Each structure stands twice: as structure tokens, then as C-alpha cells.
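Here the structure is a predicted model, which is why all the values come from computation and not from measurement.
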Amino acid sequence: MCTIMAYFKKEAPVKAFEQALLETTSRGPDMQKIVEVQGGLLGFQRLSIMGLSPEGMQPFVQDGMYCICNGEIYGFRKIKEELIQKGYTFQSESDCEVLIPMYKEMGVSMFKELDAEYACILYDETNNSIIAARDPIGIRPLFYGFDKEGNIVFGSEAKNIVSLVEKVIPFPPGHYYKDGEFVCYKDCTDVKEYLSDDLETVCTNIHDLLVKGVEKRLDADAPVGFLLSGGLDSSLVCAISQKLLNKPIETYAIGMELDAIDLKYAKEVADYIGSNHHEIIITKEDVIAAIRPVIKALATYDITTIRASIGMYLICKAIHEQSDLRVLLTGEISDELFGYKYTDFAPSPEEFQKEAEKRIRELYMYDVLRADRCISTHSLEARVPFGDLDFVDYVMHIDPKLKMNTYNKGKYLLRHAFEKDEILPYSILMREKAAFSDAVGHSLKDDISEYAESMYSQEEFEQGCAKYDFARPFTKESLLFRDIFEEFYPGQAEMVKDFWMPNKSWDGLQEVNDPSARVLSNYGDSGK
């Protein structure tokens with residue numbers, strides 16, 4: 001991960017800008033640079049992943065144009081070769097150095113051509129032109145806002161700009177900004193018609209595209225590791241990677257000391273694929289102590305995001321302290337594409353598809369946000385194979401009749417796609433999903449709820465909820481999270497659209513008042 005930041009104001013306050021940039025040093029601990037340009041200030045913090053030499057430090061500058069980017073540009077070597085043939089020269093092995101020449105050749109149309117997870121800012125000093133963009137899923141974070149005089153400020157995280165702007169606003173995924181206007185260049189949820197492929201063809205394509213998505217993300221000049229929960233998604237990423245690399249990979253699992261579900265399944269996977277496996281054991285005290293730093297890191301008050309982040313935050317902290325890894329591959333974004341436990345209640349294929357579209361549109365506020373912040377806070381970079389743009393595009397165009405759980409097995413297409421490979425134990429390939437916060441340990445959710453109960457009397461709870469008009473808390477746990485959020489990000493609650501919850505308009509879900517899959521009637525053996 002890296003941090004990008006920009007304040008476009010004549011004589012922008014350098015000291016305030018530098019202080020705001022320091023809030024995210026963990027994103028880019030290797031080098032930091034602030035550059036004064038004609039229109040204001042650009043800031044960059046570097047975590048060296050591709051092109052480790054000093055020449056890879058940003059901003060990149062060429063013919064009066066500046067570029068800062070937090071991202072991975074897949075296939076950049078081929079792009080670079082094509083640009084060299086057109087007369088461009090390069091100073092580093094950084095993937096992001098291709099962006100200025102690409103912009104010179106293509107203008108803003110370059111963004112829809114990028115196979116990348118990124119957030120970038122370009123500044124053309126000659127024309128005093130400001131351009132910013134974010135990948136279509138929102139895997140890499142970007143926020144913006146305006147100061148009291150109406151000058152725009154950009155930052156990788158809310159904490160970069162909250163002291164400089166009136167209101168912190170998430171930069172919309174799949175959009176670019178140019179000179180005051182936001183334009184959507186790609187909407188992953190815009191599905192005009194479905195594929196006519198049969199089930200076996202669909203599963204073959206799912207298999208091949210996911211393998212390609214993993215393969216792209218193994219390319220790094222820094223050490224790579226893997227988060228392994230023992231669930232379907234992370235296990236597939238690890239097993240595919242092990243096969244592609246043909247050498248033991250470094251896998252990490254986390255669990256509570258008393259009742260962890262994940263640890264036994266993660267070990268089963270690790271033993272099967274032959275990885276160098278590491279277990280991180282945490283306690284109730286670790287969980288409670290992590291609540292405040294997790295909320296500060298995430299800049300959210302959402303219940304399920306915070307619960308699921310506790311384990312991820314603590315495992316990444318241990319990885320940072322105990323290893324030299326710089327890149328982590330994770331299993332996020334599978335559920336949004338193939339379905340959650342609650343999407344078994346979808347009343348029709350059309351409703352299933354609408355829910356998938358909603359989840360993909362909102363990913364940047366929930367699971368993607370969690371993965372980015374928990375990992376980057378500990379000076380690591382997240383890579384998300386299920387977020388590969390070709391993969392997402394294909395799965396979103398599969399007829400939802402095939403994705404509905406008519407097989408008595410959730411996410412059947414993904415499971416069936418890898419049956420023939422035998423890269424995982426069959427029991428893992430067909431294992432029902434457990435909610436991550438439960439899988440780390442059933443007691444994790446209970447410990448947090450118990451702690452929140454101890455913090456407020458009933459009267460304090462009612463008064464505390466009443467002071468919030470937007471996304472009003474409805475449990476003591478949600479009030480605790482919101483109160484802590486307001487300490488760090490006062491008045492900025494609208495950064496998050498609402499609480500992540502199952503679709504309560506569907507039969508079987510109307511009475512659900514907790515985001516955990518554990519409360520669903522179909523949870524069954526998932527948590528065992």
C-alpha cells in the first residue's frame with residue numbers, strides 16, 4: 001500500500017498538510033515526499049512492492065505532468081514495451097510509471113483500459129488541470145472534500161483529510177474526476193444481458209479466470225504471503241497459488257484460544273497443500289483492546305465490518321511483527337458475487353442479481369474497506385484475486401438462475417469449478433460458510449457484545465442513540481462503535497451509507513436484527 005494526498009490551493013498550508021499525511025505513515029513507511037506544484041501540494045508515502053529502487057519513488061514527473069498512484073497495474077510490462085516503441089523512456093521498474101505516458105496517449109479514456117486496482121491523481125501543471133481516478137471495485141481507497149474556501153483535497157484515507165475539509169466524501173469507484181466533474185468510466189453492476197453458457201462452460205470459465213486473477217497477483221518484487229481461514233475462498237486462493245508457484249507458500253490463520261473454528265480447517269488445508277503454516281492465537285483481552293484502534297483505522301461504525309476486522313487486524317499485526325512479508329493475498333469479494341448465507345432466501349433470480357449488484361456497488365464501504373485498512377495499517381499490501389475485473393465482469397453476467405442456491409449448497413458454481421483439480425480436500429471445497437468473526441471464535445462476537453453491555457445503562461443507551469439522526473445505533477454494541485467513531489471522525493457518519501445487513505424485505509429475514517450469519521435459520525453446520 002501507499003498513501004496519496006493532494007491539496008489544490010494556492011499557498012496551501014504545508015505544515016497542516018504534512019501533519020495530515022503523517023496520519024497514514026503505516027501505509028507507506030519506506031519513503032515520504034511532499035512536492036509543491038503550481039496548483040498546490042502533492043504528498044506520497046511509499047511501500048515498495050514493484051521496482052524497489054529509489055527511482056520508483058513518486059510523484060513521477062514528465063513534461064510538466066505529475067502522477068501519484070496507490071495501486072497495482074497488471075500487465076504493465078507489455079504496456080511499457082508499447083510505450084517505449086512510441087519513444088517514451090522510463091527511470092524505474094515501477095508499474096505506476098506508465099500512467100503519465102498512457103494519459104498523454106489516451107487522455108481520460110485510459111482509465112477504462114486499465115487492468116488494475118488503484119487510486120491515482122494526475123496534475124498537469126501546464127494547464128493547471130486536476131485528474132483523479134479510482135478502480136471500478138474501489139479496492140484501493142480514495143476520499144475527497146472541500147475546505148472552507150471550496151478548494152478540493154484528496155487523500156487515501158479519511159484520516160488524511162478530516163482536519164482539512166468540511167465533509168469527507170468517498171471517491172466513487174469506477175469514476176474519474178477532471179477539473180470539477182466526476183464521470184463514470186466503468187460500472188461493474190451494469191449488466192444488460194446474461195450469458196447463454198451452460199453450467200459446465202460457466203464453471204470452466206470461472207476456474208480459468210480465477211486462476212488468471214491469482215497468477216497476476218503473485219507478481220511482486222517483495223515477499224508475498226496468504227491469509228488462510230480454512231473457508232472456501234481463502235483456501236482456493238492459497239491452493240491455486242501453491243500450484244502456480246510450485247513451492248511452499250506462507251499461510252497465516254487466526255483464532256481465539258477457546259473456540260476457534262478456523263484453525264482446524266486452515267491446518268487441514270495447509271497440510272494438504274504443503275504450505276509453511278502459522279497460527280496466531282488471540283484472547284478476549286486482545287479483542288477488547290483492538291476495538292478502538294480498529295475503528296480509527298477503518299473509519300467506520302458498521303457492526304459487521306468492525307467485528308470481522310478485529311481478527312484481520314490482529315493477524316496482520318502479527319504478520320508485520322513476525323515476518324518480512326509485504327504483500328497478502330486474501331479471499332474477499334467471493335460472497336458478493338456468488339452469494340451469502342442470507343441470499344439463500346432470495347425470492348427470485350432477479351432479486352438475487354439485484355442484491356449482488358447492490359453488494360458490488362457498496363463493497364468499498366464494507367469488506368474491501370476492511371481488507372485495505374487492516375492490512376495497510378500494518379505496512380502490508382492487500383491483493384484480492386476475486387476482485388479481478390475480468391473475473392467480476394464474467395460472474396456478474398452469469399444468469400442468476402445458475403447462481404441461486406438450488407443445489408442445496410451455497411456458491412455451488414465456484415465449488416464445482418474446482419472439483420476436478422483436487423487442489424483442496426473435498427470436505428473443504430464443500431464446507432459451508434462460517435461468518436469470519438464467528439470462525440475466529442464464537443466468543444469474539446459475544447465478548448464484544450458483553451463489553452458493550454457493560455458500558456451503558458439502559459437510560460444511557462436510549463439517550464446515546466437519540467443524539468444520532470443518521471444511521472442511528474440500535475444496540476449497545478452499535479452505540480459503542482458509533483461513539484468511538486465520532487471521537488475520531490466527528491460529524492462524518494455519512495461516509496458510510498448505512499449498516500451492512502441482510503435484505504430484510506425477503507421472507508425469512510424480516511426479523512433479523514443482527515448482521516451475523518449465525519442468527520439465520522439456515523446457518524446449520526456452518527459454524528462447526
Side-chain angles (χ1 to χ4, degrees), residues 1-4 24 27-28 47 49-50 68-76 95-96 99 111-121 132-143 154-158 170-176 184-189 209-210 212-220 224 226-227 233-234 237 297-300 305 308-309 312 316 326-337 356 359-377 380-393 395-396 495-496 500:
M1 297 299 182
C2 299
T3 304
I4 60 173
T24 51
R27 289 191 75 90
L47 179 67
I49 302 295
M50 301 298 292
I68 48 178
C69 180
N70 167 32
E72 292 297 332
I73 314 299
Y74 300 112
F76 78 95
D95 53 318
C96 295
L99 294 177
F111 296 120
K112 65 183 177 185
E113 301 299 324
L114 286 174
D115 180 9
E117 43 207 41
Y118 74 97
C120 73
I121 301 166
R134 189 179 184 189
D135 69 72
I137 303 290
I139 291 173
R140 296 301 169 92
L142 189 61
F143 293 83
F154 296 98
S156 285
E157 294 191 25
F171 193 103
H175 285 66
Y176 69 80
C184 178
Y185 68 86
K186 183 173 178 62
D187 179 357
C188 291
T189 68
L209 286 167
L210 183 58
K212 286 180 184 176
V214 172
E215 188 172 22
K216 290 176 195 176
R217 287 157 180 79
L218 295 175
D219 183 9
V224 178
F226 301 81
L227 297 183
D233 308 326
S234 65
V237 170
L298 297 177
T300 189
T305 304
S309 293
M312 198 171 202
C316 292
R326 284 295 183 99
V327 177
L328 290 177
L329 268 68
T330 77
E332 272 74 29
I333 308 183
S334 170
D335 292 336
E336 288 79 5
L337 293 169
R359 291 306 177 195
I360 292 293
R361 281 196 302 271
E362 296 179 354
L363 251 174
Y364 71 97
M365 290 185 287
Y366 303 115
D367 280 13
V368 160
L369 177 149
R370 166 174 58 81
D372 176 87
R373 302 307 189 281
C374 290
I375 292 173
S376 67
T377 296
L380 300 160
E381 174 173 287
R383 293 191 179 175
V384 191
F386 283 101
D388 183 81
L389 294 177
D390 290 339
F391 183 80
V392 170
D393 185 68
V395 176
M396 288 301 291
M495 285 192 294
V496 181
W500 191 105

Grab the two heavy atoms, one from M396 and one from C188, that are nearest each other, plus how far apart they are.
CG-O, 3.9 Å
Nearest 0.5 Å, what's the CG-CZ distance between D219 and F76?
6.0 Å
K216 with D388: basic N within carboxylate O range, under 4.0 Å:
yes
List the steps and the verdict of side-chain contact (heavy atoms from CB on, under 4.5 Å) for E336 and V395.
CA-CA 10 Å; E336 288 79 5; V395 176; over 6 Å; no
Gap separating the OG atom of S309 from the CG atom of L369, nearest 0.5 angstrom:
7.5 Å
A side-chain contact here means heavy atoms from C-beta on lying under 4.5 Å apart; do L142 and I4 qualify?
yes
Any side-chain heavy-atom pair from E117 and I137 closer than 4.5 angstrom?
no
Residue pair Y176 / A133: nearest heavy atoms and the distance that separates them
CB-CB, 3.9 Å
To the nearest 0.5 Å, tell me how far E72 CD sits from R383 CZ.
4.0 Å
Do T24 and S156 come within less than 4.5 Å of each other through their side chains, counting heavy atoms only?
no
Can you name the nearest heavy-atom pair linking D233 to G331, along with the distance?
CB-O, 3.5 Å
With no hydrogens and no angle check, is any side-chain donor or acceptor of N70 less than 3.5 Å from a backbone partner on T3?
no
Applying side chain to side chain contact (heavy atoms under 4.5 Å, CB included) between L298 and each of V496, T377, T305, D372, report the one that passes.
T305
Going from CD1 on I333 to CD1 on I139, what distance comes out if it is rounded to the nearest 0.5 angstrom?
4.0 Å
Can you find a pair of side-chain heavy atoms, one from L337 and one from F391, that are under 4.5 Å apart?
yes
Side chain of R373, backbone of A299: donor and acceptor closer than 3.5 Å?
no
Could you go through the side-chain contact (heavy atoms from CB on, under 4.5 Å) check for M495 and F143 one step at a time?
CA-CA 9 Å; M495 285 192 294; F143 293 83; 4.0 Å; yes
Would you give the length of the straight line joining atom OG1 of T300 to atom CH2 of W500, rounded to the nearest 0.5 angstrom?
13.5 Å
Only one of L363, T330, V368, L328 clears side chain to side chain contact (heavy atoms under 4.5 Å, CB included) with V384; which?
T330
Rounded to the nearest 0.5 Å, what separation is found between the CG atom of D135 and the CG atom of D115?
10.5 Å
When you look at E381 and R140, which way does the salt bridge (charged side-chain N to carboxylate O under 4.0 Å, His left out) test go after all the steps?
CA-CA 10 Å; E381 174 173 287; R140 296 301 169 92; 3.6 Å; yes
Nearest heavy-atom neighbours spanning Y364 and P170
CE1-CB, 3.6 Å
Heavy-atom pair of closest approach, residues C69 and Y118
SG-CB, 4.1 Å
Between the main-chain N or O of G174 and the side-chain N or O of R134, is there a donor-acceptor pair closer than 3.5 Å?
no
Are side-chain heavy atoms of L99 and L114 found at a separation under 4.5 Å?
yes
Can you classify the ring geometry of Y185 versus F111 as parallel (below 30°), tilted (30 to 60°) or perpendicular (above 60°)?
tilted
Provide the closest heavy-atom pair for G71 versus D95 in the form atom of the first, atom of the second, distance.
O-OD2, 3.5 Å
